[in-house]
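Values below: every heavy atom of this structure, side chains too, minus hydrogens, waters and symmetry copies. We count residues from 1, following the sequence as given.
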Amino acid sequence: MLDYERFISDRVRGIDASGIRRVFDLAAKLERPINLSIGQPDFDVPGPVKDAACVAIQQGVNRYTQTQGMAELREKITQGLAGEFPQTLGRGDAGLLVTSGVSGGLMLALLTCVQQGDEVLIPDPYFVMYRHLVTLAGATPVFVDTYADFELTAERIEPHITQRTKLLLFNSPSNPTGVVASEVACREIAALAAKHNVLILSDEIYDEFWYPAPATPATPAMTSAPTSEIRNPKSEIPPRLPSPAAYSADVLLLRGFSKTYGMTGWRLGYAAGPAAIVEQMTKLQQYSFVCAPSMAQVAGSVALDVDMSEHVAAYRRKRDRVVERLSAHYELAVPGGAFYAFVKVPQRLGLTATQFVERAVERGLLIIPGSVFSERDTHFRLSYACDDAMLEEGLGMLVELARG
């Protein structure tokens, strides 16, 4: 019999199993978990999007597409970016690649841009994939501490920049904290990156889920998630998410369809930015993912015309409810977007976040320890992407746990 351990590479050994996966394994053993751990929308894919995919399959759109993506989808994405970023991505010389989700885009970008000896700046807390994909690419992750307000600023970043710094991973709205970078922060970070010849990789998978107005103590009653409708072209255009891509053409922007349209299993995203980099990512995709799923690309063109504002409003109400129920018992930065809160375990309990989560799981409540997303183990992440009844039950249990 072969020694199978001999065939496992060092690069894979350098990657830990996801702590989120361990929580999911625990969930499988519970009869009726209160699940505030899942990082995906609780609403279904809009009807017009599902219909478009079904028609595409029936009409035989089941083969490879061009590696860079279908022309119709690329054209719609290009038009949207030109309207949002006319001075940078809208200049006409930016590259565009349709990817197999934003996760696929992250892997392609890191394998393209960094190698052994390079350093990648990562804000702490961070999306669980970041440190491991950087390791897989052979580079060294360098963590920028953003506690306790979780604001990533140029002032916090600059001391970590060295001659080896190649790239900054920027994520707003943030997973796991829900914090949204301000216009000022985006502009100053873009200027700092230009000064030090650092590429910004801006992960904006939650770009539609942000709530510019602050949470208030008195909030409307939560309602069930509404249905989606095709956008009215005459409706008022909401303000756009602050992004470093508005201030610099030297930004590689990653966005996707998974969160906005509930298409997490469809694996569809895109990368836009410097053409020289995107061309190399396209070459790498040709020899890895080949292309994004064909029927999902057809459906993606339809999705871009679907109005999701009522779903966004529903999550804003849920966010307000989280802040209202927990702020008297826990320390938390008010989430400005996504559908997460990153909550500090009360020091008087004398528990690490991992120990606190274990207590919660014993009572059937699933949340994620902060050590999955951070070099610290002081906070936990909860997701309010669930139905209202489950959210209320989970918040009630968290209040009880805070009281010890």
Checklist line | CD1-CZ distance between Ile8 and Arg13, expressed to the nearest 0.5 angstrom | finding: 4.5 Å
Checklist line | Worked check of side chain to side chain donor-acceptor pair (under 3.5 Å) between Glu204 and Ser202 | finding: CA-CA 6 Å; Glu204 300 179 11; Ser202 188; 2.7 Å; yes
Check: For Glu375, which of Ile122, Asp124, Asp145 qualifies under side chain to side chain contact (heavy atoms under 4.5 Å, CB included)?
Finding: Asp124
Checklist line | Euclidean distance, Glu279 CD relative to Gln68 CD, rounded to 0.5 Å | finding: 10.5 Å
Item checked: Between Tyr315 and Tyr206: side-chain donor-acceptor atoms closer than 3.5 Å -> no
Next item on the list: Kindly state whether the ring of Phe127 and the ring of Tyr130 have centres lying under 6.0 angstrom apart.
Entry: yes
Margin query: Using a 6.0 Å cut-off, check whether atom CD of Gln286 has over 12 heavy atoms from anything other than its own residue.
Written below: yes
Check: Are the side chain of Asp320 and the backbone N or O of Glu324 linked by a donor-acceptor pair below 3.5 Å?
Finding: no
Note to self: Distance check, rounded to the nearest 0.5 Å: Gln280 atom CD versus Leu108 atom CG?
What the structure shows: 11.5 Å
Next item on the list: Determine yes or no for a side-chain-to-main-chain donor-acceptor pair under 3.5 angstrom, with Lys259 supplying the side chain and Ala338 the backbone.
Entry: no
Notebook entry, point to check: Are side-chain N/O atoms of His311 and Glu208 paired as donor and acceptor at under 3.5 Å?
Noted result: no
Notebook entry, point to check: Going through the distances and angles, do Lys76 and Gln79 end up as a side chain to side chain donor-acceptor pair (under 3.5 Å)?
Noted result: CA-CA 5 Å; Lys76 275 198 169 183; Gln79 289 177 358; over 6 Å; no
Checklist line | Inter-residue atom distance Phe257.CZ - Trp266.CH2, 0.5 Å rounding | finding: 11.0 Å
Notebook entry, point to check: Do other residues, nucleotides or ligands put more than 12 heavy atoms under 6.0 Å from Phe7 CZ?
Noted result: yes
Notebook entry, point to check: If you draw a 6.0 Å radius around CZ in Arg63, do more than 12 non-hydrogen atoms from other residues or ligands fall strictly inside?
Noted result: no
Margin query: Is the positively charged end of Arg376 above the ring of Tyr147, judged by distance under 6.0 angstrom from the centroid and angle within 45° of the axis?
Written below: yes
Margin query: Please evaluate residues Glu392 and Arg321 with respect to the criterion salt bridge (charged side-chain N to carboxylate O under 4.0 Å, His left out), reporting the C-alpha separation (whole Å), side-chain torsions for both, the decisive distance (0.1 Å), and the verdict.
Written below: CA-CA 9 Å; Glu392 285 296 325; Arg321 186 60 175 159; 2.6 Å; yes
Notebook entry, point to check: Do Glu183 and Tyr247 have side-chain N/O donor and acceptor atoms under 3.5 Å apart?
Noted result: yes
